[in-house]
Engineer: 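I'd like to ask you about the structure that follows.
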Amino acid sequence: MLGLALVLTALPFLPDPIPVHYNAAGVVNRWGSKYEMLVFPGIMLPFGALWLGTCRICRGFGEISERIMLLSGAAMFAVFDLMAAYFLYAGLRQAERLSDIPLDLHQLLCGVCGLGLIALGNWMPKLREPGPVGLRTPWSVKNAAVWRKCQRFGGWSFAAAGAASIAAALLAPGAWCWLWTTLALAAAGIAGVVYSRHAANTTPDG
């Protein structure tokens, strides 16, 4: 709803036409009607309703599972809303190059993703029983003891990936910050898989 509110508020102030698509170099390659900005929130609204429905299903696996899904959704939609606000500003300025805008979109989104990962890492150790969310591998669901160990490890690894993403947002210009964020996430995922196998092999059944 916030994305729709942003677009509806901005529409009276937007020129027409506006830049509606940029190429990989950040240069506008298509101009269009300002009302095309309504397409993005129009997609997000049903997607948000679907996400809420998924969260309700996760409630059957415990309140923490539902909260993690809600938290993930909040971080994801915050990214979408920031993108909407950014391109509304680009449209208002009729920016032909994204480099003309003082705020770097890539760094902004990496920073938000990093905050979301840190919050996710904080909640993961609270998952006490195997469920649909968390560090879920063929080994982590062996029993409740292995599951809890894996969630503690996963919480630390994803929080570390979030801190790395924030550092990348502060230090790496442009799309380079996404490379470091992706590498940090890949490292966290691989470490989680390796640890879950180790935990399953070293934790007794029962």
Engineer: Taking transitive links into account, so neighbours of neighbours count too, which hydrophobic residues share a cluster with Ile166 at under 4.5 Å side-chain distance?
Structural biologist: Leu115, Ile118, Leu170, Leu171
Engineer: If only side-chain N and O atoms count, and only distance matters, is there a donor-acceptor pair under 3.5 Å linking Thr203 with Lys149?
Structural biologist: yes
Engineer: Between Leu117 and Leu185, is the side chain to side chain contact (heavy atoms under 4.5 Å, CB included) condition met? List the steps.
Structural biologist: CA-CA 9 Å; Leu117 286 169; Leu185 274 173; 3.7 Å; yes
Engineer: Just to verify, what does Arg197 make a salt bridge (charged side-chain N to carboxylate O under 4.0 Å, His left out) with, not counting sequence neighbours?
Structural biologist: none
Engineer: If you group Ile, Leu, Val, Met, Phe, Trp and Tyr whenever their side-chain heavy atoms sit less than 4.5 Å apart, what else falls in with Leu52?
Structural biologist: Leu70
Engineer: Distance check, rounded to the nearest 0.5 Å: Leu11 atom CG versus Thr9 atom OG1?
Structural biologist: 8.5 Å
Engineer: List for me each residue that meets ring pair (Phe, Tyr, Trp, His ring centres under 6.0 Å) alongside Phe47, sequence neighbours excluded, and say none if there are none.
Structural biologist: Phe77
Engineer: For residues 162-178, which residue pairs pass the side-chain hydrogen bond (donor to acceptor under 3.5 Å, both in side chains) check, not counting sequence neighbours?
Structural biologist: His106-Trp178, Ser165-Thr181
Engineer: Who else is in the cluster with Val194 when I, L, V, M, F, W and Y are joined by side-chain contacts under 4.5 Å?
Structural biologist: Ile190
Engineer: Please examine the side chains of Trp51 and Met69, heavy atoms only from C-beta on, and report whether any two atoms are closer than 4.5 Å.
Structural biologist: yes
Engineer: Which value, rounded to the nearest 0.5 Å, describes the distance between Leu127 atom CG and Ile68 atom CD1?
Structural biologist: 3.5 Å
Engineer: Could you check Leu4 against Leu38 for side chain to side chain contact (heavy atoms under 4.5 Å, CB included), going step by step and ending with a plain yes or no?
Structural biologist: CA-CA 7 Å; Leu4 179 61; Leu38 289 168; 4.2 Å; yes
Engineer: What residues form a salt bridge (charged side-chain N to carboxylate O under 4.0 Å, His left out) with Glu96, not counting sequence neighbours?
Structural biologist: none
Engineer: Let me confirm one number: the CD1-CZ distance from Ile18 to Arg30, rounded to the nearest 0.5 Å.
Structural biologist: 9.5 Å
Engineer: Run Val79 and Cys113 through side chain to side chain contact (heavy atoms under 4.5 Å, CB included) and show every step you take.
Structural biologist: CA-CA 8 Å; Val79 168; Cys113 288; 4.2 Å; yes
Engineer: Mind running side chain to side chain contact (heavy atoms under 4.5 Å, CB included) on Leu135 and Trp147 for me, showing each step along the way?
Structural biologist: CA-CA 8 Å; Leu135 178 55; Trp147 176 261; over 6 Å; no
Engineer: Could you tell me which residues satisfy ring pair (Phe, Tyr, Trp, His ring centres under 6.0 Å) with Phe153, sequence neighbours excluded, listed by chain and number?
Structural biologist: Tyr195
Engineer: With rounding to the nearest 0.5 Å, note down the distance linking CZ in Arg152 to OG in Ser157.
Structural biologist: 13.0 Å
Engineer: Is there a continuous path of hydrophobic side-chain contacts, each under 4.5 Å between heavy atoms, that joins Val20 to Leu82?
Structural biologist: yes
Engineer: Under 4.5 Å side-chain heavy-atom separation, chaining through any Ile, Leu, Val, Met, Phe, Trp or Tyr, what else clusters with Trp139? Say none if it is isolated.
Structural biologist: Val193
Engineer: Mind checking whether Asp81 and Met44 have side chains closer than 4.5 Å, heavy atoms only?
Structural biologist: no
Engineer: Tell me which pairs pass side-chain hydrogen bond (donor to acceptor under 3.5 Å, both in side chains) where either residue lies in residues 115-127, with sequence neighbours left out.
Structural biologist: none
Engineer: Answer yes or no: does atom CZ of Arg97 have more than 12 heavy-atom neighbours from other residues, nucleotides or ligands under 6.0 Å?
Structural biologist: no
Engineer: Got a sec, which pairs hit ring pair (Phe, Tyr, Trp, His ring centres under 6.0 Å) with one end in residues 7-39, sequence neighbours left out?
Structural biologist: none
Engineer: Tell me the side-chain hydrogen bond (donor to acceptor under 3.5 Å, both in side chains) pairs involving residues 68-78, sequence neighbours left out?
Structural biologist: none
